[in-house]
Amino acid sequence: MKAWDFVFLAYGIVWSALVFYLTVLRRRCRKIEAELVRLQSPGDKKKNEQK
Amino acid sequence: MASTTKKSGRGRSILGGLAFFFILMGLYFALIQAPPDAYQGEVQRIMYLHIPSILTAYLSFFIVFIGSALFLWKRERRDDILAYAAAEIGVLFTGLTIVEGSIWGKPAWGVWWTWDARLTLTAILLLIFVGYLMLRSLIEDEDQSAVCGAVLGIIGFLDIPLIHMSVYWWRTLHQPPSILRPDKLPWENVHPAMLIALSINFIAFLLVYFYLLSSRIRLGELQEEVKKTRLYGAA
């Protein structure tokens, strides 16, 4: 491996990992938002009240 | 509540845009503008990732320390959410620092890894906070999980001064600090063009960090809201 190969490997790994984490974080947020909307919907509200 | 969410969402978008701009600037300065090192050549450009990522990890664990101490003192959920969010992102940046260091170590030292004091202590820091995340997900009782996490978060942070001072206390392969030195100012020790590239990359990392942190805090708040809704029903 030449010097630039090490440099590009390091930059590639770091920025790919950060983009990957951000994508996963956004997906987790969307999932939990959908869950909250479902729980607050009138049908589920009734179910929660019955519980 | 809705307007606060909208405002924080707009703030996050601005932060994300700024982070993206500084990432591009940082890449230009690190890979094109900055001169190669006199001894190490082009491979030294990994420094523009390595130093900002470890400093960002230190900051993140400092936030864990503050959040944990505040939680143990006041028992407010928002402090625990902050500490938990900062720990998760701190683990990411510490892991990246070790990977970058390893990639830099191979051409500079001839090895991917060595049991040097600084490297070993950084690996211990990573393991402590991976343990923190495991502990948080394994303990079902929420209050107990938060208290145990807070104690571990405070203990884990104490490893950072050891990491920083390790290059002075023990004979190590890792070079002494270039920026945070007690005897010299940064511009007395680093070429101005390199210092500019490093500063821009550090700003980029900070912006990315705060963008990720605010998104992770938002996730923690939503999880809290879901739990409350399940317990007490929708308001």
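In what follows, chains are A, B, ... by sequence order, proteins preceding strands, each numbered from 1.
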Examine whether an atom of [X] lies under 4.5 Å from a heavy atom of chain A, and if so say whether it belongs to the side chain, the backbone or both; otherwise answer neither.
X	result
B:Val226	both
B:Tyr211	side chain
B:Leu92	side chain

Inset, instruction - Sequence neighbours left out, what passes salt bridge (charged side-chain N to carboxylate O under 4.0 Å, His left out) with B:Glu142? Give chain and number order. - result: B:Arg77, B:Lys227
Inset, instruction - Under the salt bridge (charged side-chain N to carboxylate O under 4.0 Å, His left out) rule, collect the residues that match up with A:Arg28, sequence neighbours excluded. - result: B:Glu88
Legend entry - Most chain B-contacting option - heavy-atom pairs closer than 4.5 Å, from A:Leu25, A:Asp5, A:Ile13: A:Leu25
Atom pair [atom1] ([X]) and [atom2] ([Y]), whose distance is rounded to the nearest 0.5 Å:
X	Y	atom1	atom2	answer
A:Lys31	B:Leu222	NZ	CG	13.5 Å
B:Ile103	A:Leu9	CD1	CG	4.0 Å
B:Thr229	A:Arg38	OG1	CZ	11.0 Å

Among [options], who wins on heavy-atom pairs under 4.5 Å with chain A?
options	result
B:Thr97, B:Val208, B:Ile46	B:Ile46
B:Val43, B:Leu219, B:Leu27, B:Ile89	B:Leu219
B:His50, B:Arg216, B:Gln223	B:Arg216

Legend entry - Shortest non-hydrogen contact between A:Ala17 and B:Leu96, atoms and distance: CB-CD2, 3.6 Å
Legend entry - Least distance between heavy atoms, B:Ser215 atom then A:Cys29 atom: O-SG, 4.0 Å
Legend entry - Residue part contacting chain B, namely of A:Phe8, when any heavy atom lies under 4.5 Å: side chain
Legend entry - Proximal component of A:Phe6, with respect to chain B [non-hydrogen, under 4.5 Å]: both
Inset, instruction - Please test A:Glu33 against B:Glu225 for side-chain contact (heavy atoms from CB on, under 4.5 Å), starting from the C-alpha separation and ending with a verdict. - result: CA-CA 10 Å; A:Glu33 270 169 354; B:Glu225 225 170 305; over 6 Å; no
Inset, instruction - Please examine the side chains of A:Leu18 and B:Phe93, heavy atoms only from C-beta on, and report whether any two atoms are closer than 4.5 Å. - result: yes
Inset, instruction - Quick one: do B:Arg230 and A:Glu35 satisfy side-chain contact (heavy atoms from CB on, under 4.5 Å)? Show the steps, please. - result: CA-CA 10 Å; B:Arg230 276 197 185 130; A:Glu35 170 97 15; 2.2 Å; yes
Legend entry - B:Arg45 backbone acceptor or donor facing A:Tyr11 side chain under 3.5 Å: yes
Legend entry - Distance flag, aromatic centroids of A:Trp15 and B:Phe205, threshold under 6.0 Å: yes
